[in-house]
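To start, the structure under review is shown below, and the notes come after it.
Order of the sequence lines sets the chain letters (A, B, ...), proteins ahead of strands, with each chain counted from 1.
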Protein chains: 2
Amino acid sequence: MTAPLRNAEAILHCAGCAGRNHGVCGSLSDRTLARVAQRARTISVAANDRLCEEDVSCHHIALVQSGMLRMQSHSLAGRRKITGLVVPGDSIGQIIRGTRDTAIEAVIDTRLCLFESANFAQLIEQEPELRRALCHQAENWTEKARRLSLLLGAYGPASRLRALLLLAPSIMPWKALPDGGGVLTMLLPRQDIADLIATTQETVSRSLHQFQKDGLIDILNARQFRLNDLEALSEGLEEILHQ
Amino acid sequence: MTAPLRNAEAILHCAGCAGRNHGVCGSLSDRTLARVAQRARTISVAANDRLCEEDVSCHHIALVQSGMLRMQSHSLAGRRKITGLVVPGDSIGQIIRGTRDTAIEAVIDTRLCLFESANFAQLIEQEPELRRALCHQAENWTEKARRLSLLLGAYGPASRLRALLLLAPSIMPWKALPDGGGVLTMLLPRQDIADLIATTQETVSRSLHQFQKDGLIDILNARQFRLNDLEALSEGLEEILHQ
DNA sequence: CGCATTGTTGATCTATGTCAAGGACCGTGG
DNA sequence: CCACGGTCCTTGACATAGATCAACAATGCG
């Protein structure tokens, strides 16, 4: 009897995965997860490497184990826009896809579960659970993209930065403190922050220091912020942040 | 034998529908379409009426027959942002959903096919074709939302307006002219245009008149533009427009 | 210890948002 | 038919947020 063994192996494979409890993987039962894991091959992408050139997202499907990816496009004027972040548990290749004009790059070192496209398609047919998870993810992505456009359209750069700070704890290292605040480790460099919220490095830097002056945050170092007053930070942003 | 008759009725029901060849409906076979149509009830929404208050999108699913809807949110600062347009063939209630902070309103008089949610869910289970069509639509919406955020983030108001003018012919009345240009009937009033591309009425107006000065368009009247030079109009926007 | 990368700060300039007024258009009712 | 009010659009004057350009500081790495 090899199947139970393979199941066990598969579950072991997922045990330490940062994506195990999020997104697609998070909504799968052990049984389904085991079937999925059996077909997976793990690959790594170093920070700032591009995924498309790895041929992923062209003929493969991938699930993010750990790390973070950015989807980005360049306008002909040379301006880069990050249109979304891909985090552990997210899938790449179905809904999220690098195309001629949308590249997917690693923000930090990232590990992926890689699947042959045909192989995965088969799985989708066989596992309604997986199908539903992917559909659900599709809805999520639409919702996220819509919120980003709302954020960009309805608020100025400083408010957009506040929104980012408030959303970051759910996708970046976050150490909650007893007083309700917490320490955020910002994985994105200033330029990425700027390209995500559609502003410039300089404005990001100035706004952060303004927040510090206002007592909203403390800049512990370039990549670590202590968020002191989540309440004040979220002023006027309710409809973006909820959920 | 009643089934064939009902099929025929159903197909008749769809025959004149503007959405018949687009979006969800466009990718369904006559057989599936007939099954879907059998469960539909047609309703109308007058221009500027809100769909949620009609209880649609809460306990119903709808397919757009004709007209146009806008999805919109208000920031607390009072600024409205249109996050997407819903056109014939699109579905409402699955992916696209009015929520506490996203309202769906009619831009112009609109007709919908309305379904009981439970009823429709059943259909989805039974018809893989429909399932695929809805999934495909989900991908489309994500792609559209992503493009909107790219447009908002990477380009200024004037470029965004150019992009809108170039995309409009696919969803608004358009009369192509032999010289390659054409006459566009803009269904959106200035304020809606502004809220879609995240600028102000005034800037929209000024930009349009600037385009006229530059010979790119002629403003025949407030709602009709002759687009003279699609080439020049699309300068620098390639990655937004393709497809 | 250079050197490269990343982040900060200052000075300047302009696109565009805001405010305010006026014009065009349309339907209604006298 | 015209006067009226309403909605939608246009135009002008003005102020300013934030982009741009440029220099410099901090950090990390070989």
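- For B:L177, the side chain to side chain contact (heavy atoms under 4.5 Å, CB included) partners two or more places apart in sequence, or in a different chain, are B:D179, B:V183, B:R226.
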I'd like a table of atom pairs between the protein and nucleotides 24-28 of chain D - only N or O on both sides, under 3.5 Å - with the distance next to each one.
none

Report all side-chain donor-acceptor pairs from residues 14-22 of chain B shorter than 3.5 Å, counting only partners two or more places apart or in another chain.
residue : atom : partner : partner atom : Å
B:R20   : NH1  : B:C25   : O            : 3.3
B:R20   : NH2  : B:D30   : OD1          : 2.9
B:H22   : ND1  : B:A18   : O            : 3.2

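- For B:R80, the side-chain hydrogen bond (donor to acceptor under 3.5 Å, both in side chains) partners are B:Q72, B:D192, B:D195, not counting sequence neighbours.
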Subject >> Worked verdict on B:T142 versus A:T142 for side-chain hydrogen bond (donor to acceptor under 3.5 Å, both in side chains) >> reply: CA-CA 4 Å; B:T142 306; A:T142 307; 2.8 Å; yes
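- Atom CE of B:M186 is separated from atom P of D:dC8 by 16 Å (rounded to the nearest Å).
- Within the structure, salt bridge (Lys or Arg N to Asp or Glu O under 4.0 Å) pairs that include any residue of residues 208-225 of chain A do not occur (at least two apart or interchain).
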Original post:
Which nucleotides of nucleotides 6-17 of chain C have their base under 4.0 Å from a protein heavy atom (B), which only their sugar-phosphate (S), and which neither (-), written as one string 5' to 3'?
Top reply: -SBBBB----SS
Which atoms of nucleotides 23-27 of chain C (N or O only) lie under 3.5 Å from a protein N or O atom, and what are those distances?
none

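- Scored by the side-chain hydrogen bond (donor to acceptor under 3.5 Å, both in side chains) test, B:Q224 finds B:T185 as partners (sequence neighbours excluded).
- Every residue two or more places apart in sequence or in another chain was checked for a side-chain hydrogen bond (donor to acceptor under 3.5 Å, both in side chains) with A:S207, and none qualifies.
- Legend: residues meeting side-chain hydrogen bond (donor to acceptor under 3.5 Å, both in side chains) with A:D229, ordered by chain and number and at least two apart, are absent.
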N/O donor-acceptor pairs under 3.5 Å from side chains in residues 151-161 of chain A, not counting sequence neighbours:
residue : atom : partner : partner atom : Å
A:Y155  : OH   : A:G236  : O            : 3.4
A:Y155  : OH   : A:E239  : OE2          : 2.2
A:S159  : OG   : A:R162  : NH2          : 3.1
A:R160  : NE   : A:I197  : O            : 2.6
A:R160  : NH1  : A:L152  : O            : 3.4
A:R160  : NH1  : A:Y155  : O            : 2.7
A:R160  : NH2  : A:I197  : O            : 3.0
A:R160  : NH2  : A:A198  : O            : 2.8

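- Rounded to whole angstrom, the span from the CD atom of B:Q224 across to the P atom of D:dC8 amounts to 18 Å.
- When the side chain to side chain contact (heavy atoms under 4.5 Å, CB included) test is applied to B:Q137, the partners found at least two apart in sequence or on another chain are B:V24, B:D90, B:S91, B:W141.
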